[in-house]
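What follows is a set of notes on a single structure, which appears directly below.
When a ligand or atom number is given, it counts from 1 through the structure's own listing order.
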Amino acid sequence: MDAKVKALINDQINKELYSAYLYLDFSNYYEAAGLDGFANWYKIQAQEERDHALLFYQYLQNNGEPVTLEAVAKPEWTRGNNMTPLQKALEHEQYVTSLINGIYAAAYEVHDFRTMQVLDWFVKEQGEEEKNASDMITKMELFGGDSKGLYMLNSELKTRAYSAPSLVL
Ligand code: MG
């Protein structure tokens, strides 16, 4: 595997684990605020991010490339109100999209078609992640300002169940 592509994928393992850590902290925030549905949503989101990390980890190993695991940074965000994590999540997903695009560009440059095919799933996944994050903000704007609306929204988010990623490497 091309050294630059390999390094970017190895780095992405860390970035996905950081995403898991960030979303776990959002879950932690909402749990303390008494919004157990929002807490559930982000706890599942954290599981998905860990899955993303494991997919990249497995992909490198499948290609005979040794993985280097680095320290995961402390989640960096400033607590504000119940809207803050939702806005931070959208910003973060836009950032992750730029990272995936960066790996894709590096793979494209060296005609690494196998990596590009794996990344196709992640490109699509990022489209969904950004839409979900954006929809959460819209719903919060529409319904979150009223206690009954917030209760309903929290109840809806409580129903989210974990399902493993559909990508097979
Ligand atoms: Mg991810």
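- Listed by chain and number, the residues in a side chain to side chain contact (heavy atoms under 4.5 Å, CB included) with Lys139 are Phe143, Leu153, Glu156 (sequence neighbours excluded).
- Other residues, nucleotides and ligands contribute only 12 or fewer heavy atoms inside 6.0 Å of the OH atom of Tyr108.
- Between Tyr23 and Phe26, the distance from one ring center to the other falls under 6.0 angstrom.
- Residues satisfying the salt bridge (charged side-chain N to carboxylate O under 4.0 Å, His left out) test with Glu130, not counting sequence neighbours, are none.
- Of the charged side-chain nitrogens involved, none lies within less than 4.0 Å of a carboxylate oxygen, so that Lys15 and Glu93 do not count as a salt-bridged pair.
- Take the Mg ion (ligand 1) and draw a sphere of radius 2.8 Å; the protein N/O/S atoms inside it number 3.
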Determine all donor-acceptor pairs shorter than 3.5 Å in which one atom belongs to a side chain in residues 77-88; sequence neighbours excluded.
{"residue": "Trp77", "atom": "NE1", "partner": "Asp25", "partner atom": "OD2", "Å": "2.9"}
{"residue": "Asn81", "atom": "OD1", "partner": "Met83", "partner atom": "N", "Å": "2.9"}
{"residue": "Asn81", "atom": "OD1", "partner": "Thr84", "partner atom": "N", "Å": "3.3"}
{"residue": "Asn81", "atom": "OD1", "partner": "Thr84", "partner atom": "OG1", "Å": "3.4"}
{"residue": "Asn82", "atom": "OD1", "partner": "Tyr29", "partner atom": "OH", "Å": "3.0"}
{"residue": "Thr84", "atom": "OG1", "partner": "Asn81", "partner atom": "N", "Å": "2.9"}
{"residue": "Thr84", "atom": "OG1", "partner": "Asn81", "partner atom": "O", "Å": "3.2"}

